[in-house]
> 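Starting off with a structure, shown below.
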Amino acid sequence: MMLSACNVSWSTGGISILENVSLDVVPGEFLGIVGPNGSGKTSLMSLLAGLRRPKSGRVLLDGRPIDGLGRREVARCIALVEQQAETSERISARQAVELGRTPHLGPLAPWSAEDDEIVGAAIRNVDMEPLAARQWHTLSGGERQRLHIARALAQQPEILLLDEPTNHLDIGHQIGLLHLVRQQQLTAVAALHDLNHAAMFCDRIALMSGGRIVALGSPSEVLSAERICSVFGVVVDVQHEGEGRCYIRYCAPGSPAAERPKLRRIS
Ligand SMILES: Nc1ncnc2c1ncn2[C@@H]1O[C@H](COP(=O)(O)OP(=O)(O)OP(=O)(O)O)[C@@H](O)[C@H]1O
């Protein structure tokens with residue numbers, strides 16, 4: 001299933017937020033979206049999820065305009081985990097994950113043992129089995145975030161959209177979550193702040209700046225020291241590791257390492 005943004009622009013209050021963004025999410029890939037705060041990652045994710053309509057351009061799901069499809073139809077194909085996702089507080093952890101099955105249920109498809117199994121597997125996948133009976137409001141931020149991911153997995157989408165999914169997670173669960181996403185038989189798009197995580201787990205990376213995609217390709221192609229300096233204003237050394245992978249070492253401002261590569265800075 002192919003998800004595409006074709007020349008999409010979006011603005012609000014007379015301010016242009018996204019300008020002429022085009023992107024084909026290739027079936028089966030893990031695409032990372034990186035960029036500074038306010039560069040438009042969340043805005044692009046909500047257009048890709050069909051939550052917002054572009055002011056111009058189109059978002060296509062398998063060649064069909066996403067805004068012409070019903071919400072239920074979209075929800076059977078695409079799951080979105082939002083940055084500040086909230087869930088009603090008077091439910092248990094397991095019930096929060098069960099909500100992921102909603103698009104698949106109906107008068108002719110009532111809740112079944114299979115739904116129970118899918119929900120159980122999603123909870124196990126995010127390492128939340130011991131807390132499945134707990135009330136939502138008693139859970140920590142990281143535990144809630146893992147359950148949001150479990151709900152999206154229980155939705156069994158073909159395309160998983162994750163807006164900063166590793167927020168609130170400790171490093172073990174950050175790595176575990178990205179590994180888990182990578183292992184799924186699905187297409188995934190994740191807005192990420194950690195460039196090394198994007199470089200480790202993503203097949204391709206789209207780098208955003210000022211509401212535009214300024215680079216798109218393998219981690220090694222996109223995350224050059226020059227580009228990171230020009231977009232984020234941070235001096236780095238990039239170690240290229242083959243197969244499009246790379247590792248980024250950040251240099252503290254004022255340190256000898258930060259002074260040395262300054263010549264590469266793009267103004
Ligand atoms: N509803 C809105 N009204 C006004 N401005 C908005 C609205 N939504 C987004 N923006 C602005 O659009 C820009 C892009 O926001 P967006 O949330 O897409 O960025 P982001 O790259 O996801 O940022 P971050 O890394 O901080 O999460 C920001 O300057 C933001 O303030």
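Since we're looking at a predicted model, the values are computed, not measured.
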> Would H179 and R182 count as a side chain to side chain donor-acceptor pair (under 3.5 Å) if you check the C-alpha gap in whole Å, the side-chain angles of each, and the deciding distance to 0.1 Å?
CA-CA 5 Å; H179 179 64; R182 202 172 160 80; over 6 Å; no
> May I ask whether I248 and V214 are part of the same hydrophobic cluster, defined by side-chain heavy atoms of I, L, V, M, F, W, Y residues being less than 4.5 angstrom apart, directly or through others?
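Result: yes, single cluster for both.
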> For residues W10 and P54, determine if any side-chain heavy atom of one lies less than 4.5 Å from a side-chain heavy atom of the other.
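No, their side chains stay 4.5 Å or more apart.
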> Carefully, step by step, assess R64 and E73 under the rule side chain to side chain contact (heavy atoms under 4.5 Å, CB included).
CA-CA 12 Å; R64 294 187 296 165; E73 193 177 350; 3.0 Å; yes
> Mark yes or no for whether R76, through its side chain, and P103, through its backbone, hold a donor-acceptor pair below 3.5 Å.
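Between the backbone of P103 and the side chain of R76 there is a qualifying donor-acceptor contact (under 3.5 Å).
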> Looking only at atom types and distance, does a side-chain atom of Q184 sit under 3.5 Å from a main-chain N or O of L180, one as donor and one as acceptor?
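Present.
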> Nearest 0.5 angstrom please: I33 CD1 to C202 SG, how far?
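Answer rounded to 0.5 Å: 9.5 Å.
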> Testing the basics here: between Q145 and T166, what is the closest heavy-atom pair and its distance to 0.1 Å?
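Where Q145 meets T166 most closely, the heavy atoms are NE2-N, 4.4 Å.
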> Could you tell me whether the side chain of P36 reaches within less than 4.5 Å of the side chain of V231, counting heavy atoms only?
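A side-chain contact exists here, since the closest heavy-atom pair is under 4.5 Å.
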> Tell me whether R245 contacts the main-chain N or O of A199 through its side chain, where contact means a donor paired with an acceptor under 3.5 Å.
yes
> Considering all heavy atoms of both residues, which atom of L60 and which atom of C6 are nearest to each other, and what is their separation?
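Scanning both residues, the minimum pair turns out to be CD1-SG, 3.8 Å.
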> Taking D170 for its side chain and G172 for its backbone only, find out whether a donor-acceptor pair lies under 3.5 Å.
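At least one qualifying donor-acceptor pair exists.
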> Kindly indicate whether the side chain of P219, heavy atoms from C-beta on, has any atom under 4.5 Å from the side chain of C246.
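Yes, their side chains come closer than 4.5 Å.
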> Return the minimal non-hydrogen interatomic distance between L192 and P165, and the atom names on each side.
CD2-CD, 3.9 Å
> Would a hydrophobic clustering, with Ile, Leu, Val, Met, Phe, Trp and Tyr connected at side-chain separations under 4.5 Å, put W111 with L99?
yes
> Take L131 and L139 through the test side chain to side chain contact (heavy atoms under 4.5 Å, CB included) and record every step on the way to the result.
CA-CA 9 Å; L131 299 182; L139 297 165; 4.2 Å; yes
> What is the distance from atom CG of L153 to atom CD1 of I118, rounded to the nearest 0.5 Å?
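Spacing of CG (L153) from CD1 (I118) equals 11.5 Å.
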> Is the backbone of I159 close enough, under 3.5 Å, to the side chain of T187 for a donor and an acceptor to pair up by distance?
no
> Determine whether a donor-acceptor pair (N or O, by modelled atom type, separation under 3.5 Å) exists between the side chain of R204 and the backbone of L31.
no
> Kindly write out the residues that satisfy salt bridge (charged side-chain N to carboxylate O under 4.0 Å, His left out) with D116, not counting sequence neighbours, or none if the list is empty.
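Once residues adjacent in sequence are excluded, the partners of D116 under the salt bridge (charged side-chain N to carboxylate O under 4.0 Å, His left out) criterion are R94.
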> Which atom names give the shortest non-hydrogen contact between Q83 and E164, and what distance separates them?
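For Q83 and E164, the tightest heavy-atom pair comes out as NE2-OE2, 2.7 Å.
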> Can you tell me how far the OG atom of S218 sits from the CD atom of E243, to the nearest 0.5 Å?
11.0 Å
> Taking side chain as C-beta onward, heavy atoms only, is L3 less than 4.5 Å from E158?
no
> For G35 and L207, which heavy atoms make the closest approach, and how far apart are they?
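Heavy atoms of G35 and L207 come nearest at CA-CD1, 4.2 Å.
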> For L186 and V181, which heavy atoms make the closest approach, and how far apart are they?
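Reported closest heavy-atom pair: CD1-O, 4.4 Å.
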> Report yes or no: does S9 contribute a side-chain atom to a donor-acceptor pair with the main-chain N or O of N20 at less than 3.5 Å?
yes
> How many angstroms lie between CZ in F30 and CG in L162, if you round to the nearest 0.5 Å?
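Separation between the atoms: 6.5 Å.
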> Hydrophobic cluster membership, with links at side-chain heavy-atom distances under 4.5 Å among I/L/V/M/F/W/Y: are L80 and L160 in one?
no
> With a 4.5 Å heavy-atom cut-off, do M208 and L18 have their side chains touching?
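Yes, close enough: below the 4.5 Å cut-off.
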> Do the side chains of I78 and V25 join up, straight or via other hydrophobic residues, at under 4.5 Å, putting them in one cluster?
yes
> Any side-chain heavy-atom pair from V235 and Y250 closer than 4.5 angstrom?
no
> Hey, does the side chain of N7 reach the backbone of G57 with a donor-acceptor pair shorter than 3.5 angstrom?
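Looks like no, no N/O pair under 3.5 Å.
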> Enter the distance from L47:CG to I17:CD1 here, rounded to the nearest 0.5 Å.
11.0 Å
> With a 4.5 Å heavy-atom cut-off, do P27 and M1 have their side chains touching?
no
> Between V189 and I149, is there a shared hydrophobic cluster once you connect ILVMFWY residues whose side-chain heavy atoms come closer than 4.5 Å?
no
> Just verifying a value: how many Å separate R101 CZ and Q155 CD, rounded to the nearest 0.5 Å?
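Between atom CZ of R101 and atom CD of Q155 there are 9.0 Å.
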> Is a side-chain donor or acceptor of R134 paired with a backbone partner of T138 at a separation under 3.5 angstrom?
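Yes; at least one donor-acceptor contact below 3.5 Å.
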> Does the side chain of H173 pick up a donor-acceptor pair with the side chain of D127 at under 3.5 Å?
yes
> The test is side chain to side chain contact (heavy atoms under 4.5 Å, CB included); show your working for Y247 and D237 and say whether it passes.
CA-CA 8 Å; Y247 177 76; D237 277 334; over 6 Å; no
> Do L23 and L216 touch side chain to side chain, with heavy atoms closer than 4.5 Å?
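Contact flag for L23/L216 side chains = yes.
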> R124: what forms a salt bridge (charged side-chain N to carboxylate O under 4.0 Å, His left out) with it, not counting sequence neighbours?
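With sequence neighbours excluded, R124 shows a salt bridge (charged side-chain N to carboxylate O under 4.0 Å, His left out) to E129, given in chain and number order.
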> Should the heavy atoms of other residues, nucleotides or ligands under 6.0 Å from CZ of R58 be counted, would the total exceed 12?
no
> Please confirm whether the backbone N or O of E221 pairs with a side-chain atom of R227, one donor and one acceptor, at under 3.5 Å?
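A pair under 3.5 Å: yes.
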> Stepwise, does the side chain to side chain contact (heavy atoms under 4.5 Å, CB included) test hold for H193 with N37?
CA-CA 9 Å; H193 275 300; N37 291 139; 3.5 Å; yes
